[in-house]
Protein chains: 2
Amino acid sequence: MNRSERGWRRPQSYHHGNLKEVLLEAARKLIEQYGPTGFSLTEAARLAGVSPAAPYRHFRDREALLAEVARAGFERFAARLDMAWNNGVPTPLTAFENLGRAYLAFAREEPASYTVMFETGLRPGTEGETIPAAERAFDILQKAAAALCRQLPESERPPVKLMSLHLWAISHGVATLFAQGGLAAGKAPLKSEEILESAVLIYLQGLGILPGGNETPKSI
Amino acid sequence: MNRSERGWRRPQSYHHGNLKEVLLEAARKLIEQYGPTGFSLTEAARLAGVSPAAPYRHFRDREALLAEVARAGFERFAARLDMAWNNGVPTPLTAFENLGRAYLAFAREEPASYTVMFETGLRPGTEGETIPAAERAFDILQKAAAALCRQLPESERPPVKLMSLHLWAISHGVATLFAQGGLAAGKAPLKSEEILESAVLIYLQGLGILPGGNETPKSI
DNA sequence: GGCTTGATGTAAAAGCCCTTCACATGAATC
DNA sequence: GATTCATGTGAAGGGCTTTTACATCAAGCC
């Protein structure tokens, strides 16, 4: 039974007790507000109420903290995609739509995480690293693509891996350009969800997974 | 007739004469090497052989220099896309393929420019600004989309604007994920050009602009 | 030519940030 | 109760950004 489990407020304790998590949260908040360039270790420490040197007990340097923001972000990202996909229930197609919406929702609700996760320029020298949660996230996409493919006769199925890359690229493109405060966020006449959904619709028609490959979709 | 027009090497002149351009070039080089975060005004000045204060005669601050890198980048980007599209000659389809390749080529050859142009987090507070060259670049895409649409009977044509957004998102997604040193640059089994081309192929089949909407493309 | 003027570069300094090092604190263990 | 180890502090070095007063030079004007 530790102290915070009852209402007991620790008065100015020397040791913070939860600094690592608090720093990560502060980092996300600061990045969201000032951009990844504006984020400063010192200010994160200030928000957490500790000295500028304290973060170095938990992260090798500023970049390591950013990398951890990315890693934790991928963790939540994968969990969220998994939840949305829900093993293809009730149908692969509706589950897949949920997946797309979950992707955009994450990018919009955690712009700081998404930015640090995918903007390569921010964490140079991270090229070789492989983040397990990121692999898991992609695997979910791949499982979804495979499930959709199974609706086609075996001879007509596209390579699942390539199909996943396509869908990932579309989702990522829409997320960065239209869902976050991107270049064209205001310029587009539609919500990013509608853009993604219509693009995927057309793409799946092109594969023959959805009917109507030769007509304009009426609903756009 | 100024001095540099003959082979005359200005020895240690007090005034640089071409500082603005040299600083922009240095910035691109540094960003390419160390990422946008690693770029420092002071070091760009060092590369140009001037004092750390000199850049402030040409740019309001560090961010303004980055904004100019982006603006000039869009300028070259638009020029390059325009050249590749070549007014739809010889055929809209082949011209469109050239357009896609030009898009990826730019992202790969000028990664620093592309990053600063599209990574929103790097220049916060730039949301409202409208960059003419960026509009021109998008217009080219839109013209290309319109030309492709014209191959369809009028009643089956999709909304051109939406179609352009789709194509932009796909291109941008592929460029950032697979063409630059992105997350999955090594993971993908194919070159980014092949990924983009196959995705667009399927997408156009979905619209009925290309035949084969209900079969697996054999060539992938 | 000599003077003025404006553009462009310098030097110095203030302020912030990152990072390290020696030291302080306190919770847990023996 | 003493020790130990993780965690936080304070101070300091070095780099970056930005400002300010001053230096240099090209161009125009008499």
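Below, read A as the first sequence line, B as the second, and so on, with proteins coming before strands; counting in each chain starts at 1. All values derive from a computational prediction rather than experimental measurement.
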Checklist entry - Does OP1 or OP2 of C/dC17 have a side-chain N or O of A/Arg46 closer than 4.0 Å? => result yes
Checklist entry - Taking the side chain of A/Leu19 as heavy atoms from C-beta outward, which of C/dG9, D/dG8, D/dT18 is closest to it? => result D/dG8
Checklist entry - Does the side chain of B/Arg62 come within less than 4.5 Å of B/Leu66's, by heavy atoms? => result yes
Checklist entry - Roughly how many Å is it from CG in B/Asp61 to P in D/dT18, rounded to a whole number? => result 5 Å
Checklist entry - Does a nitrogen or oxygen in the side chain of B/His58 sit under 4.0 Å from OP1 or OP2 of C/dA7? => result no
Checklist entry - Over how many whole Å does the gap from B/Arg57 atom CZ to D/dT18 atom C1' extend? => result 12 Å
Checklist entry - Whole-Å distance between C/dT8 P and B/Phe59 CZ? => result 12 Å
Checklist entry - What is the distance from CG of A/Leu41 to P of C/dC17, rounded to the nearest Å? => result 10 Å
Checklist entry - Do the ring planes of A/Phe74 and A/Phe77 sit parallel (below 30°), tilted (30 to 60°) or perpendicular (above 60°)? => result perpendicular
Checklist outcome for this item: Atom OH of B/Tyr34 and atom P of D/dC16 are separated, to the nearest Å, by 11 Å
Item to check | Spacing of A/Leu65 atom CG relative to C/dC17 atom P, expressed in whole Å | outcome: 15 Å
Checklist entry - So, are B/Lys29 and B/Glu32 salt-bridged, with charged N and O less than 4.0 Å apart? => result no
Next on the checklist: What I'd like to find out is whether the side chain of B/Tyr56 reaches to under 4.5 Å of the side chain of B/Leu41, using heavy atoms alone.
Outcome noted: yes
Next on the checklist: Using whole Å, what does the distance between atom P of nucleotide C/dT20 and atom OH of A/Tyr56 come to?
Outcome noted: 7 Å
Checklist entry - Nearest of D/dT9, D/dT17, D/dT7 to any side-chain atom of B/Thr42? => result D/dT17
Checklist entry - Hey, does B/Arg62 reach any base, or is it just sugar-phosphate, or nothing, if we go heavy atoms under 4.0 Å? => result sugar-phosphate
Next on the checklist: Between A/Glu109 and A/Arg80 (salt bridge meaning N to carboxylate O under 4.0 Å), is one present in this structure?
Outcome noted: yes
Checklist entry - For the pair made of CG in B/Asn18 and C1' in C/dA7, what is the distance, rounded to whole Å? => result 15 Å
Next on the checklist: Base, sugar-phosphate or nothing for A/Ser40? Non-hydrogen atoms, less than 4.0 Å.
Outcome noted: sugar-phosphate
